[in-house]
Amino acid sequence: MSQSALPRRRSFADLVARLPLPKVTIWRALAAAVIGVGLVSMIRRFALGLGATTNLTDQYPWGLWVGVKLCGVAFAGGGFAITAAIYLFGVERLRPIARPAVLVAGLGYSCFIASLIMDLGKPYNVWHPMVLWNHHSVMFEVAWCVMLYTTVLSLEFSPVVFERLGWSRAYHTAKKFTIPLVLAGLMLSMMHQSSLGSMYLIVPNRLHPLWYSSGLPIFFFVSSIAAGLSMLTFAFFLAHRILGRRLRRDILQSLAKASVVVLGVYFVMKVFDLLYRGQLGAIVASGIEGPLFLGEMLLGVLFPMILFARSAVRNSKNGLYYTSILVILGMVLNRMNVGVTGFEKSSGVHYFPSFEELSIAAMVVTVGFVVFGLAAKHLPIFPEDYRRNSRLEHH
Amino acid sequence: MSYGILFDSVRCRQCGGCVDACKVKWDLPDRDPDKLSENTFTTLEIHDGHPVRRMCMHCENPACVSVCPVRALEKTPEGPVIYHADRCMGCRYCVIACPFSIPKYEWSSAVPRVRKCVMCHDRVSRGKKPACTLFCPYGGIQSGPREEMLAEAKRRLAEEPDKYHQHVYGEREAGGTGVLVIGAVPPERLGLPVNVGDDPLPEKTWAALSRLPGVVGVAGAFSLAFWWVVRRRDQVRAEEAAAFAEREEKARARVTRREKQEVNS
Ligand code: SF4
Ligand code: SF4
């Protein structure tokens, strides 16, 4: 009897047995699998080169990864829109989503940069635009804006990290630069969101007439706001369902209302553009482009706009959730059409991404979501996480 | 002075000497003799019996040069459009931007380069002729200052109007190209792209890009002004609220004093 009362000596095996095990859920297993497969593909891509691992050719030099780049930046649109609304235009009500907006934007850009590295033939030269300037090149301008804006986003996000670390001085110093950072972020975003569209102005004979337009820069800029707001709504739902963060329905409803305006402006511009260029008929012309265009414009823009305009939808949790997913899908389709499928007709060949292209793209996106989950869990991103922190006062 | 090449589809006898000369000059493998690729910078295509050279057109205002973010492609003052592999980062924007579908990529390489005709810039810059124009015995292909080539092309069109379709391809296409093509049939029947337009493609981009700083500057100034107004409004409100609170405080103090006096009296 007295024997068992003695404290047992802990063996190494005990320690190992005590290691906390992450809970295995179906989503985690899936994410791990996608990332694992993606890593293998990534190794293959860098070891064997682009030709052996992608379906890219001289006829189809840009493929899925370019599409992912466009999507990543588009879905970052909430970052500049929300911060500008709060800090420059005085929409105080949105303050609780400032941090999630900056986080989502940062992850969008990370996806852009990751896909870019995969896609470049010589990724180790990625820094060359810093020293070899060609200010006539849209891609040069995009490169600079992405570099600068990623820096701006990191600085905007730094108070979150300082707060977590309890570095009060650094926190307050960083906070002082909010306004200039937000202003710089707005201007940089205007420049390169539109410039991603301008990138396609040089291919009037290649990009399908349903998408080629001198309005591309404006379309890309406006739609990035809608894309950003919906991705932000989606991110809120993720944090709510996985981490139990409070769903700020009041704010999500405001975002939905704003989306109605943005989607409406976008839709009208696109229709007028088609009329002006006399390309309305191209929708019914043979080929897959017509249905794709209709899909993105009707299911991804018009339909969600009508839904968001109804208060019954805005007042319903599911309504907000599914409608924002519609917008997200519509925007993905749009960027893929401009970046990938819109070239099919003129190229004369058929392109479908290879297994490596698909699995690497899936990995990039999955890592984005995983990092979002980790950051949301461990950093004071959502209001209830930073309210708890009494040491630093908040604005 | 910009250097040019003139190809005459009527005089060409389809011997292919120019294609071979290019392969020898650039030490290219024998693969893909009939299509432009990383191994072949120029081809001789036959359309309905009419020969035509395909090669980089060495545009006067080249799309490929304008899009390259790292100045890996360069329009030299001598005319040839050349490529610096050490600068290139492999974005392939040039491949997609060229209206003539010229630049090709070394897809199978681990350190891929863009490959295309550079009009033997090493020779041209030393006052020599490009390799492909050295030996043509029939006058099908020849080179010299672009203006001279253009004048020569027009002279041939005028001298034998029934033999030539009256158009110098490249005089205005895509803003003008260093390579000029004349032949018996219209360019589309020679397989040359005719949808490139007469304006240089880079202008389309520049129209948007050059406006950007102005638009963004105005938007930035507007936002800043808005911020200032909002802040000012909040400040004024805060001041008014403070002033109001102060007045209240004073009034209450007065009341209290009076009450005290009344009590004391
Ligand atoms: S033909 Fe194409 S590759 Fe050659 S200079 Fe013109 S744009 Fe550049
Ligand atoms: S592939 Fe190279 S040469 Fe072509 S645009 Fe990109 S960096 Fe310039």
Side-chain angles (χ1 to χ4, degrees), chain A residues 46-52 54 56-62 84 87-90 116 119-129 131-143 179 182-184 186-188 190-191 194-195 197-206 214 216-217 343, chain B residues 36-38 63 65-73 84-97 99 101 103-114 193 195-197 201-202 204-209 211-213 215-217 219-220 223-224 226-227 229-231 233-234:
Chain A
F46 285 114
L48 304 176
L50 286 167
T54 70
L56 299 172
T57 57
D58 285 327
Q59 288 76 45
Y60 231 105
W62 281 2
Y87 294 102
L88 300 179
F89 302 128
L116 177 74
D119 190 58
L120 286 183
K122 296 203 264 184
Y124 44 87
N125 282 348
V126 66
W127 54 276
H128 276 186
V131 289
L132 294 156
W133 289 29
N134 175 11
H135 67 279
H136 280 270
S137 165
V138 184
M139 197 180 280
F140 165 77
E141 192 244 294
V142 169
I179 296 295
V182 168
L183 186 65
L186 174 68
M187 293 172 70
L188 288 169
M190 286 187 74
M191 287 174 77
S194 63
S195 290
S198 308
M199 235 163 62
Y200 291 89
L201 291 177
I202 198 112
V203 289
N205 302 322
R206 286 174 195 258
S214 49
L216 269 169
F343 288 86
Chain B
L36 292 184
S37 77
E38 55 187 292
V65 171
S66 87
V67 298
C68 179
V70 293
R71 276 194 276 126
L73 289 155
H84 304 277
D86 52 332
R87 296 178 176 178
C88 173
M89 60 182 197
C91 65
R92 311 180 301 280
Y93 199 0
C94 51
V95 180
I96 213 162
S101 309
K104 303 296 171 202
Y105 204 56
E106 289 180 321
W107 294 98
S108 50
S109 165
V111 260
R113 287 170 298 178
V114 171
N195 58 356
V196 293
L201 283 174
K204 291 188 187 297
T205 311
W206 192 240
L209 206 53
R211 266 187 224 141
L212 205 53
V215 174
V216 171
S223 309
L224 202 60
F226 208 106
W227 167 78
V229 169
V230 168
R231 203 178 63 128
R233 182 196 68 188
D234 290 350

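In this text the structure is predicted, and so the values were computed from the model without any measurement. By convention in this document, chain letters (A, B, ...) are assigned in the order of the sequence lines, proteins followed by strands, and residues within each chain are numbered from 1.
The neighbour count for B:Arg233 CZ, taken as heavy atoms of other residues, nucleotides or ligands under 6.0 Å away, is above 12.
Taking A:Leu188, A:Leu56, A:Val203 one by one and counting their heavy-atom pairs under 4.5 Å with chain B, the maximum is reached by A:Leu56. Each of A:Val182, A:Thr57, A:Val131, A:Leu216 has some count of heavy-atom pairs under 4.5 Å with chain B, and the biggest count is that of A:Thr57. With respect to chain B, the highest number of heavy-atom pairs below 4.5 Å among A:Leu116, A:Ile179, A:Val126, A:Val138 belongs to A:Ile179. Between chain A and the options B:Pro193, B:Cys88, B:Gly217, B:Ala63, the largest number of non-hydrogen pairs under 4.5 Å is found for B:Cys88. For the set A:Asn125, A:Thr54, A:Leu132, the entry with the most heavy-atom pairs within less than 4.5 Å of chain B is A:Leu132. Among the candidates A:Phe343, A:Trp133, A:Tyr60, A:Tyr200, the residue making the largest number of heavy-atom pairs closer than 4.5 Å to chain B is A:Trp133.
At a threshold of 4.5 Å between non-hydrogen side-chain atoms, the residues B:Val230 and A:Phe89 do not count as touching. Looking only at side-chain heavy atoms (C-beta outward), B:Trp107 and A:Pro61 come within less than 4.5 Å of each other. Residues B:Val111 and A:Tyr124 are in side-chain contact: their nearest non-hydrogen atoms beyond the backbone lie under 4.5 Å apart. Using a 4.5 Å heavy-atom threshold, the side chains of B:Lys204 and A:Ser214 count as separate. Proximity of A:Met199 to B:Tyr93: side-chain heavy atoms (C-beta onward) are separated by under 4.5 Å at one or more points.
Both the backbone and the side chain of B:Ala97 come within less than 4.5 Å of a heavy atom in chain A. In this structure, the portion of B:Leu209 lying under 4.5 Å from any heavy atom of chain A is its side chain and not its backbone. Contact annotation for A:Phe46: neither backbone nor side-chain heavy atoms come within less than 4.5 Å of a heavy atom of chain B. Proximity to chain A is limited to the backbone of B:Asp86, based on heavy atoms less than 4.5 angstrom apart. When heavy atoms are compared at a cutoff of 4.5 Å, B:Ile96 approaches chain A by way of both its backbone and its side chain. Residue contact with chain B, scored on non-hydrogen atoms closer than 4.5 Å, is absent for A:Val142. Both the backbone and the side chain of A:Pro129 come within contact range of chain B, each with at least one heavy atom under 4.5 Å from a heavy atom of that chain. Contacts between B:Val65 and chain A at a heavy-atom distance below 4.5 Å involve the backbone alone (N, CA, C, O).
The OG atom of B:Ser108 sits 11.5 Å away from atom CG of A:Leu48, with the distance rounded to the nearest 0.5 Å. Between the NE2 atom of B:His84 and the NE2 atom of A:His128 there is a distance of 12.5 Å, given to the nearest 0.5 Å. Within the model, atoms CH2 of B:Trp206 and OG of A:Ser137 stand 10.5 Å from one another, a figure rounded to the nearest 0.5 Å. Expressed to the nearest 0.5 Å, how far CH2 of B:Trp227 lies from CG of A:Leu183 amounts to 9.5 Å. Taking OG of B:Ser223 as the start and CG of A:Leu88 as the end, the distance is 5.5 Å to the nearest 0.5 Å. Here the straight-line distance linking atom OG1 of B:Thr205 with atom CG of A:Leu201 works out to 5.5 Å at 0.5 Å rounding.
Listed for the A:Lys122 side chain is no donor-acceptor partner under 3.5 Å among the backbone atoms of B:Arg87. Of the possible donor and acceptor atoms, one in the side chain of A:Asp58 sits under 3.5 Å from a partner among the backbone N and O of B:Tyr105. A donor-acceptor pair under 3.5 Å is formed between the side chain of A:Trp62 and the backbone N or O of B:Cys91. Put simply, the side chain of A:Asn205 gets close to the backbone of B:Asn195: a donor and an acceptor are under 3.5 Å apart. The backbone N or O of B:Ser66 lies less than 3.5 Å from no partner atom in the side chain of A:His136, so there is not a single donor-acceptor pair. A:Asn134 places a side-chain N or O within donor-acceptor distance of the main-chain N or O of B:Cys68, the cut-off being under 3.5 Å.
B:Ser101 and A:Arg206 share a side-chain donor-acceptor pair at under 3.5 Å.
Closest heavy-atom contact between B:Leu212 and A:Ser195: CD2-OG, 3.5 Å. Among all heavy-atom pairs drawn from A:Met187 and B:Gly220, the shortest one is SD-CA, 3.7 Å. For B:Pro112 against A:Gly121, the heavy-atom pair with the smallest separation is CD-O, 3.5 Å. Here the closest heavy-atom approach between residue B:Ala219 and residue A:Met190 is recorded as CB-SD, 3.5 Å.
Each salt bridge (charged side-chain N to carboxylate O under 4.0 Å, His left out) pair with one or both residues in residues 132-141 of chain A, not counting sequence neighbours, would appear here, but there are none.
Salt bridge B:Arg92/A:Asp119: present, at least one basic N to carboxylate O contact under 4.0 Å.
For A:Trp127, there are no ring-ring contact (aromatic ring centres under 6.0 Å, His included) partners, not counting sequence neighbours.
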